[in-house]
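This one's a predicted model, so the numbers in the text were calculated from it and none came from an experiment.
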Amino acid sequence: MEQIIANGLYLGAQYALIALGLTLIFSLMNVLNFAHGQMYVFGGFVCYTVVSQLGLPFIVGLIASALVLGVMGALIERFLFRPVIRRSKRDESTMLLAAGIAFFLDALILLLFGEKQRGVPKIVNGVFNWDFRLIMPYDRILIGVLAIALILGFILFMQYSKAGRAMRALAQDRTAAQLMGVDVDRYSMLGFAMGAMLAGLVGALLVTITGVNLGMGGPTSVKAFLMIMIGGAGVISGAIAGGFILGMMESVGLSVLSSYGDVTYLVIFATLMTFLAIRPQGLMGKPWG
């Protein structure tokens with residue numbers, strides 16, 4: 001039981017961090033960023049290049065991933081999503097744009113990094129062993145702690161900083177926030193940049209554990225959408241809850257149903273579909289939106 005809980009918390013911290021970036025973009029701009037998984041993969045490859053190719057410390061790779069993806073997110077919002085949102089009144093336009101960006105990033109990753117699995121050496125060596133009831137490599141413990149620290153930092157930023165309060169106001173009522181003097185364009189770009197930055201940070205953290213490859217973008221986006229739907233679309237606390245719920249479900253499923261192979265994810269998705277059929281607004285979402 002201890003092992004299942006530890007694995008669930010480890011997975012949940014990663015998933016919550018991925019979902020936070022996606023739900024931030026959705027809450028600010030009402031945009032479903034289908035390229036979120038590709039941003040995660042790109043961040044992992046940036047960290048791999050800095051650490052394995054340039055020989056720099058892992059912390060430098062982590063910072064580089066955050067900066068590169070933050071700039072990428074700001075440019076995508078400024079030159080792609082903002083003009084489309086202004087000129088088109090149809091939600092399908094932003095959805096098609098996001099899908100196009102996902103395909104473009106897949107092609108860019110293939111061109112720059114290739115399609116092979118890439119990874120970096122372990123940050124720390126050794127394994128924590130508690131009477132054989134809980135066995136966890138130290139690098140996974142460190143990654144889990146870093147992910148939780150980033151989640152707490154994000155919450156504090158949104159709660160107490162001027163930019164965080166402005167973005168929360170935009171998420172609650174865009175028109176009212178604009179009437180109160182909030183610079184909608186500025187904070188929309190900042191929010192998109194932060195969402196992309198969070199995706200890049202997760203990719204950089206996990207490149208030390210699972211590595212990254214070209215095919216990980218799509219499945220990661222699907223999981224991210226599941227998490228925000230579980231918690232409630234556009235609700236930050238819901239995204240965190242959805243991440244940890246999915247992490248615990250995956251940990252329990254892989255432990256209990258390990259002998260049945262891929263049926264684990266079949267059961268997880270069937271359970272989540274049943275839940276959403278009963279409560280389509282998610283755990284913390286409101287029925288009216």
Side-chain angles (χ1 to χ4, degrees), residues 1-21 37 39-69 113 116-156 197-213 216 219-220 223-224 227 239-258 264-265:
M1 178 59 71
E2 293 89 348
Q3 188 70 55
I4 293 175
I5 293 174
N7 289 339
L9 292 175
Y10 163 72
L11 290 171
Q14 304 168 25
Y15 290 162
L17 201 55
I18 295 173
L20 274 178
M39 291 177 173
Y40 155 89
V41 173
F42 201 94
F45 275 115
V46 170
C47 185
Y48 158 78
T49 301
V50 172
V51 176
S52 295
Q53 301 296 310
L54 302 181
L56 297 175
F58 175 75
I59 187 65
V60 178
L62 194 65
I63 294 171
S65 297
L67 292 177
V68 170
L69 268 296
F113 307 109
K116 293 183 179 180
Q117 181 86 2
R118 304 292 185 183
V120 302
K122 288 180 177 292
I123 307 174
V124 290
N125 295 314
V127 177
F128 174 79
N129 189 338
W130 179 38
D131 197 25
F132 292 100
R133 290 188 295 177
L134 175 58
I135 301 173
M136 184 72 71
Y138 285 125
D139 59 339
R140 294 199 175 202
I141 295 174
L142 178 59
I143 294 302
V145 170
L146 286 174
I148 292 174
L150 288 169
I151 292 170
L152 292 175
F154 175 84
I155 293 172
L156 291 174
M197 184 184 296
L198 288 172
L201 283 170
V202 183
L205 289 175
L206 294 188
V207 74
T208 66
I209 307 294
T210 61
V212 289
N213 61 63
M216 294 176 68
T220 301
K223 285 186 177 182
M227 287 180 273
I240 297 173
F244 279 99
I245 289 171
L246 183 60
M248 291 303 300
M249 289 181 67
E250 193 168 315
S251 178
V252 172
L254 291 174
S255 299
V256 175
L257 303 173
S258 58
T264 299
Y265 290 99

Query raised in the report: Rounded to the nearest 0.5 Å, how far apart are CG of L134 and CD1 of I5?
Result: 9.5 Å
Report summary line: What one should report as the nearest heavy-atom pair of S52 and V120 is OG-CG1, 3.4 Å
Report summary line: Shortest non-hydrogen pair, F58 vs T208, comes out as CE1-CG2, 3.3 Å
Report summary line: Correct closest heavy-atom pair for A13 and I148 would be CB-CG1, 3.8 Å
**Report entry** CG on L17 to CE on M227, rounded to 0.5 Å
**Finding:** 10.0 Å
Requested in this report: Would you give the length of the straight line joining atom OH of Y10 to atom OH of Y15, rounded to the nearest 0.5 angstrom?
Outcome: 9.5 Å
Report summary line: I4 and S251 have their tightest heavy-atom pair at O-OG, 2.7 Å
Query raised in the report: Between F113 and F42, how do the two ring planes meet: parallel, tilted or perpendicular, split at 30° and 60°?
Result: perpendicular
Requested in this report: For residues L54 and V60, determine if any side-chain heavy atom of one lies less than 4.5 Å from a side-chain heavy atom of the other.
Outcome: no
Query raised in the report: Can you find a pair of side-chain heavy atoms, one from L62 and one from L205, that are under 4.5 Å apart?
Result: yes
Query raised in the report: CG/L198 to CG/L150 distance, rounded to the nearest 0.5 angstrom?
Result: 7.5 Å
**Report entry** Short side-chain to backbone donor-acceptor contact, S65 and G61, under 3.5 Å
**Finding:** yes
Report summary line: So CG of L67 and CG of L201: to nearest 0.5 Å the spacing works out to 9.0 Å
Report task. May I have all residue pairs that pass side chain to side chain donor-acceptor pair (under 3.5 Å) and include part of residues 39-49, sequence neighbours excluded? Result -> Y48-Q53
Report task. Could you walk me through whether M136 and N7 pass the side chain to side chain contact (heavy atoms under 4.5 Å, CB included) test, one step at a time? Result -> CA-CA 8 Å; M136 184 72 71; N7 289 339; 3.4 Å; yes
Query raised in the report: Looking at side-chain heavy atoms only, is the closest gap between F154 and I240 below 4.5 Å?
Result: no
Report task. Kindly say whether T210 contributes a backbone atom to a donor-acceptor pair with the side chain of Q117 at under 3.5 angstrom? Result -> yes
Query raised in the report: Heavy atoms, side chains only, cut-off 4.5 Å: are I18 and K223 in contact?
Result: no
Query - From CZ (R118) to CG (N213), nearest 0.5 Å - result: 10.5 Å
Report task. Verify, without hydrogens or angle tests, whether Q3 (side chain) and I135 (backbone) share a donor-acceptor contact under 3.5 angstrom. Result -> yes
Requested in this report: Any side chain to side chain donor-acceptor pair (under 3.5 Å) involving residues 133-146? Give me the pairs, sequence neighbours left out, ordered by first then second residue.
Outcome: K122-D139
Requested in this report: Specify the closest pair of heavy atoms between A16 and I151, including all atoms of both residues, with the distance to one decimal.
Outcome: CB-CD1, 3.8 Å
**Report entry** For C47 against V207, the heavy-atom pair lying closest together
**Finding:** SG-CG1, 3.9 Å
